[in-house]
There are 2 protein chains.
Amino acid sequence: MFANVYLHNNMRKPTEIRQEQIKQAVLDIIFTDGLKNLSTRMLAQRIGMSEGAIFRHFPTKQHIIVDIVNDVHKDFIGGLRKIALSKQNPPKRLEEFLCFTIKYLTDNKGITLLLFSEASHNNDVQLKQALTQIFNSQKKLLSKIILDGIAEGVWDESVPVESVAMLYMGIPVSLNIELILNSGLIDSSNFCNKMFQLMNKMLK
Amino acid sequence: MFANVYLHNNMRKPTEIRQEQIKQAVLDIIFTDGLKNLSTRMLAQRIGMSEGAIFRHFPTKQHIIVDIVNDVHKDFIGGLRKIALSKQNPPKRLEEFLCFTIKYLTDNKGITLLLFSEASHNNDVQLKQALTQIFNSQKKLLSKIILDGIAEGVWDESVPVESVAMLYMGIPVSLNIELILNSGLIDSSNFCNKMFQLMNKMLK
DNA sequence: ATCCTATATGTAAGCATTTACTCACTTAAA
DNA sequence: TTTAAGTGAGTAAATGCTTACATATAGGAT
């Protein structure tokens, strides 16, 4: 009769849910403490499970990182691709492209730092390839939007597409610096709109 | 007579020179292997001295980082300040500002990653303050140039100064990503000129 | 419903390795 | 001859991961 009154504070959960929890906690730790302070001990503590339990759901710590990078490729790059290849006019696509980028990165605050930090070392060849592809995909998709806009005559044909794409690549980091300095408080839709205005002007 | 023919491979050097070597090696390691792979063992090996010797020249590893950040504040921010407050016309100042930034960061390849990574964790309050000041100084100095340009009538007064400054903050990282992906090969002066053209257009 | 069993999820303790840093001692250089 | 620069061996703590063991949970047979 009273058996179910007391909830166990360590109720078991299926591995799919635990994996999501772990990945979320990893990004959280990276954002607040930096990649080099990400330890499996700290990770376990933040989720509220033992360290050993983590290794029931992922074979190694590195596999967690790789899994996150794969998520980024699927969700983030996938979302950008949909926008870049849609039927809307190029300026509208550019605006959505920017807003989607900013929303994704503010919702997943550790990702910018993870991508940028991990990209810099060559220890894991497979991981580095995935990161390179993420960076190049972004540039390629944005370039497509710009080239479409030029072809349609809404933007100046003399614009250096490569350079504009490069400038865009810095936006996530500007955003991240701002997030850190303002401790996470940012008007996301306002930020994205301003960036669109600037880039649109740059292209005219 | 033959005493000086054979050079000792462990010739002793004054602490000032060793400190510079150590700081340079730290930035080198950060650029090639990432901040989290920066160990005193690796550092000693790269310079060609014993691990213990490092601690003759710096009390702790953290002190090396702090010293580098102080250098950045003096050399980089100092240089930017000189340009921002010079008597030249605003567009010329903007161009020099951008080129100086890019030159400094390509000459000291680990700095972008160091500043950006370290800024994200709160372990060391003093360090975080120094980093915040570096970011804010950059924004303030660039804003000054833009506002001067608006006052002189060369740029549009409706331009959102804050947003432009924020976009500028991303440039070093775009550069860094490019450096990593292209393994260090970049036409620095060409890059800086292109960025100037874009920002100038944005401001008109 | 109740029991039984297989399996997935959990834990605490411990492992080998790496880490930042120290210390006793040596020796080049001023 | 004093001092600053260098070394190699060692330390305690932290790290990623393993292991032996415990038990919640799902599902079929009773």
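Since the model is a prediction, treat every value here as computed from it, not as a measurement. Below, chain A is the first sequence line, B the second, and so on; all start at residue 1.
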Exercise for the section: Run the salt-bridge test on B/Asp187 and B/Lys194 with the 4.0 Å N-O cut-off and return the result as yes or no. Expected result: no
Problem - Under 4.0 angstrom between A/His57 side-chain N/O and C/dG10 OP1 or OP2 - result: yes
In whole angstroms, how far is the [atom2] atom of [N] from the [atom1] atom of [X]?
X	N	atom1	atom2	value
B/Leu43	C/dT18	CG	C1'	16 Å
A/Arg12	C/dT9	CZ	C1'	4 Å
B/Met11	C/dT26	CE	C1'	19 Å
B/Met49	C/dC21	CE	P	16 Å
A/Lys61	C/dT18	NZ	P	15 Å
A/Gln19	C/dG10	CD	C1'	16 Å
A/Phe58	D/dT18	CZ	P	15 Å
A/Lys13	D/dT23	NZ	C1'	17 Å

Practice task
Using modelled atom types only, decide if a donor and an acceptor are shared between the side chain of A/Lys201 and the backbone of A/Leu198 within a distance under 3.5 Å.
Solution key: no
Exercise for the section: Apply side-chain hydrogen bond (donor to acceptor under 3.5 Å, both in side chains) to the pair B/Ser174 and A/Tyr168, showing each step before the final yes or no. Expected result: CA-CA 8 Å; B/Ser174 311; A/Tyr168 154 81; over 6 Å; no
Exercise for the section: Nearest-nucleotide wise, let me know which of A/Gln62 and B/Ile54 is further upstream toward the 5' end of DNA chain D. Expected result: B/Ile54
Give, for atom [atom1] of [X] and atom [atom2] of [Y], the distance between the pair rounded to the nearest 0.5 Å.
X	Y	atom1	atom2	result
A/Cys99	A/Met195	SG	CE	11.5 Å
B/Leu115	B/Ile65	CG	CD1	10.5 Å
A/Leu94	A/Ile146	CG	CD1	7.0 Å

Handout entry: pair A/Thr15-A/Arg56: side-chain heavy atoms closer than 4.5 Å
Key = no
Choose from [options] the nucleotide whose nearest atom is closest to any side-chain atom of [X].
X	options	answer
A/Phe55	C/dT9, D/dT18, D/dA5	D/dT18
A/Pro14	D/dG16, C/dT9, D/dG6	C/dT9
B/Ser50	D/dA5, C/dA12, D/dT7	D/dT7
B/Ala53	D/dT7, D/dA4, D/dT23	D/dT7

Completion exercise
Between A/Glu51 and A/Arg56, whichever has its closest DNA chain C nucleotide further toward 5' is A/Arg56
Handout entry: Positions of residues 33-42 of chain B (non-hydrogen atom under 4.0 Å from DNA chain C), listed by number
Key = B/Leu38, B/Ser39, B/Thr40, B/Arg41
Exercise for the section: Mark yes or no for a side-chain to base donor-acceptor pair under 3.5 Å between A/Arg18 and C/dT9, with no hydrogen or angle criteria applied. Expected result: no
